[in-house]
Undergrad: 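This structure is in structure tokens; I'll ask about it shortly.
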Number of protein chains: 2
Amino acid sequence: MARKTHKSPEEAREAILDAAEAIIVDVGPAGLRISAVAKKAGMAHPNIIHHFGSRDGLVNAVADRIGHRATARITTAINEALTAAPEDRVKAITQVLDTSYQGDEGRAAVWMHMSGAKSSLKSNMQQIVELAHRFRKSLRNDANQENTNRLVMLVTLALVGEVVSGQGVKDALGFGDSEESRAHFRQWLAELLINLSDEQLATSLNTSPEIKL
Amino acid sequence: MARKTHKSPEEAREAILDAAEAIIVDVGPAGLRISAVAKKAGMAHPNIIHHFGSRDGLVNAVADRIGHRATARITTAINEALTAAPEDRVKAITQVLDTSYQGDEGRAAVWMHMSGAKSSLKSNMQQIVELAHRFRKSLRNDANQENTNRLVMLVTLALVGEVVSGQGVKDALGFGDSEESRAHFRQWLAELLINLSDEQLATSLNTSPEIKL
DNA sequence: GAATCTATTGACAGAACTGTCAACAGGATG
DNA sequence: CATCCTGTTGACAGTTCTGTCAATAGATTC
């Protein structure tokens, strides 16, 4: 087979998206330069405009691809978790947390979010909260829905925060920054999410009960 | 007093920093244009270079000012919290959470962090973790330091996450996005931080005890 | 009031970036 | 092999942005 110099449109688009996504991870959408993408993808820059119309078109395409990819991963992880055996709860929740925006993809997603891109966050969140509440109800039948919501919010925001400044915070607190350490933290989170009882979560905003330790 | 047309260097610098910070909150450091800052500050753009040397000099100055301002606020809040009466614990911790990067300043700080600016996070974190551990020890003398660290990490990351996507997550979960709602969430966090016992936090990574509900 | 200092600005230079266009070239179809 | 389609590119135009420079104009000092 001779060396192909003309790729199919799909191949070309994927190559360009890969290069663009890698750059966005580093410098964000505002820092993306078509010439830099072209150089990284090994082609001349007009070719990029040919495939995506404009710089903005490229950025939107990257955002869409990241969103769809993450949503697909999260959905499958949740479906697996929903069919997991009760004793595999912690592992299942940990898996969902691990699966949500991972590594560089998380950084890209945060960049997009900060830059005002619409995201597929909402549908993912609603799936996750439903999963979490099923788990909590399986532990205690009258589990409080609002507490589930708050816990999911807490965990979600913490995962986002980890993407932004996880390394810095861990340095400051003396935790390592290895992937093992990050996984350890997520597992700790998953356990917290499952193990907390509604008593600990009682909203004492009106009444302030003395909670025993 | 005649209309002043020449400001003192300090006044000019502050006016420029105000304009630049407002722009960075919206579009991030990479999106900051000297001409836009000049327009917002009501002056010609060379004047900005005169005062800050270059575009990068301006961005660094904004980052420094935000860092110093936040560190000062957090430090005073912590000092007040450390002298609070025991029954004011929740209020004191809530106050510290409220005081950490607030509103637009938080967005600016996240932008800076994503863009690779060095931050004053570390010293702030260490102060906060010390404060938190004092509280936890006052509740139970043998409070576990590592659990304190993990809790502080969790709360810190959640606050960062709230800056990035708090509104989106709250929308998805059906919480309002008013300042009242945000304050409510922070208070809930403060209570969680204080009320959690080490039993709930037992690291079951090695042994997986069945924790009663 | 003269001299000095510096905050301020209009005009300009140079670079970088996006997008256009005509031409080229690989691959598919008849 | 001829033709068509389209992926690909070099050259170019227009815009925008950063930074320079010389000149202007408040403010301060003597």
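Just so we're on the same page: letters track the sequence lines, and every chain starts at 1.
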Undergrad: Atom NE2 of A/His50 to atom P of D/dG10: distance rounded to whole Å?
TA: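 That distance rounds to 15 Å.
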Undergrad: How is B/His51 classified with respect to the nucleic acid when contacts are heavy atoms under 4.0 Å: base, sugar-phosphate, or nothing?
TA: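 Sugar-phosphate only.
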Undergrad: Heavy atoms under 4.0 Å, any strand shown: does B/Leu58 hit a base, just sugar-phosphate, or nothing?
TA: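 The residue B/Leu58 makes no contact with any strand.
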Undergrad: So which one's nearest nucleotide on DNA chain C is more toward 5', B/Met43 or A/Ile34?
TA: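 Of the two residues, B/Met43 wins.
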Undergrad: Within the structure shown, what part of the strands sits under 4.0 Å from A/Leu32 by heavy-atom distance: base, sugar-phosphate, or nothing?
TA: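 Sugar-phosphate: the residue A/Leu32, judged by heavy atoms under 4.0 Å, touches backbone atoms but no base.
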Undergrad: Rounded off to whole Å, could you give me the CG-to-P distance for the B/Asn47 and C/dA11 pair?
TA: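 For the pair B/Asn47 CG and C/dA11 P, the rounded distance is 17 Å.
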Undergrad: Could you give the distance from CZ (A/Arg107) to CD1 (A/Ile24), rounded to the nearest 0.5 Å?
TA: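 Between A/Arg107 CZ and A/Ile24 CD1, I get 12.0 Å after rounding to 0.5 Å.
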Undergrad: Take the protein atom CG of A/Asp56 and the nucleotide atom C1' of C/dT18, then report the distance between them rounded to whole Å.
TA: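 That distance rounds to 10 Å.
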Undergrad: With rounding to the nearest 0.5 Å, note down the distance linking NE2 in B/His45 to CD1 in B/Ile16.
TA: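 So the gap between those two atoms works out to 12.0 Å.
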Undergrad: Atom NZ of A/Lys7 to atom P of C/dA28: distance rounded to whole Å?
TA: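 Taking atom P of C/dA28 as the reference, NZ of A/Lys7 is at 16 Å.
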Undergrad: Nearest whole angstrom, please: distance from the C1' of C/dA7 to the CD of B/Glu14.
TA: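 My rounded result for the distance is 16 Å.
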Undergrad: Considering only D/dG7, C/dT18, D/dG19, which nucleotide approaches the side chain of A/Arg55 most closely?
TA: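 Nearest to the side-chain atoms of A/Arg55, counting from C-beta on, is C/dT18.
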Undergrad: Atom CD1 in B/Ile74, atom CG in B/Leu97: separation rounded to 0.5 Å?
TA: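 That separation rounds to 10.0 Å.
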Undergrad: So, A/Glu14 and A/Lys7, do they make that salt bridge, N to O below 4.0 Å?
TA: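 Answer for the salt bridge query: no.
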Undergrad: In Å and rounded to the nearest 0.5 Å, what is the CD1 to CD distance from B/Ile66 to B/Glu105?
TA: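 Atom-to-atom, B/Ile66:CD1 and B/Glu105:CD are 6.0 Å apart.
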Undergrad: Measuring from the side chain of A/Arg33 (C-beta onward, heavy atoms only), which nucleotide among D/dC17, C/dC17, D/dT8 has the closest atom?
TA: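 So the side chain of A/Arg33 is nearest to C/dC17.
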Undergrad: Between D/dG19 atom P and B/Phe52 atom CZ, what is the distance in whole Å?
TA: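 It works out to 14 Å between those atoms.
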Undergrad: Between C1' on C/dT18 and CD1 on A/Ile16, what's the gap in Å once rounded to a whole number?
TA: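 Atom-to-atom, A/Ile16 to C/dT18, this comes out as 15 Å.
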Undergrad: What's the CD1-P distance between B/Ile48 and C/dG10, to the nearest Å?
TA: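 Nearest whole value for this atom pair: 13 Å.
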Undergrad: Mark yes or no for whether B/Arg13, through its side chain, and B/His51, through its backbone, hold a donor-acceptor pair below 3.5 Å.
TA: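 Side chain of B/Arg13 to backbone of B/His51, a donor-acceptor pair under 3.5 Å: yes, one is there.
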Undergrad: How would nucleotides 20-25 of chain C be written as a contact map, 5' to 3', with B for base contact, S for sugar-phosphate-only contact and - for no contact, using protein heavy atoms under 4.0 Å?
TA: BB---B
Undergrad: List the steps, then state whether side chain to side chain contact (heavy atoms under 4.5 Å, CB included) holds for B/Asn149 with B/Gln145.
TA: CA-CA 6 Å; B/Asn149 290 356; B/Gln145 175 77 53; 3.1 Å; yes
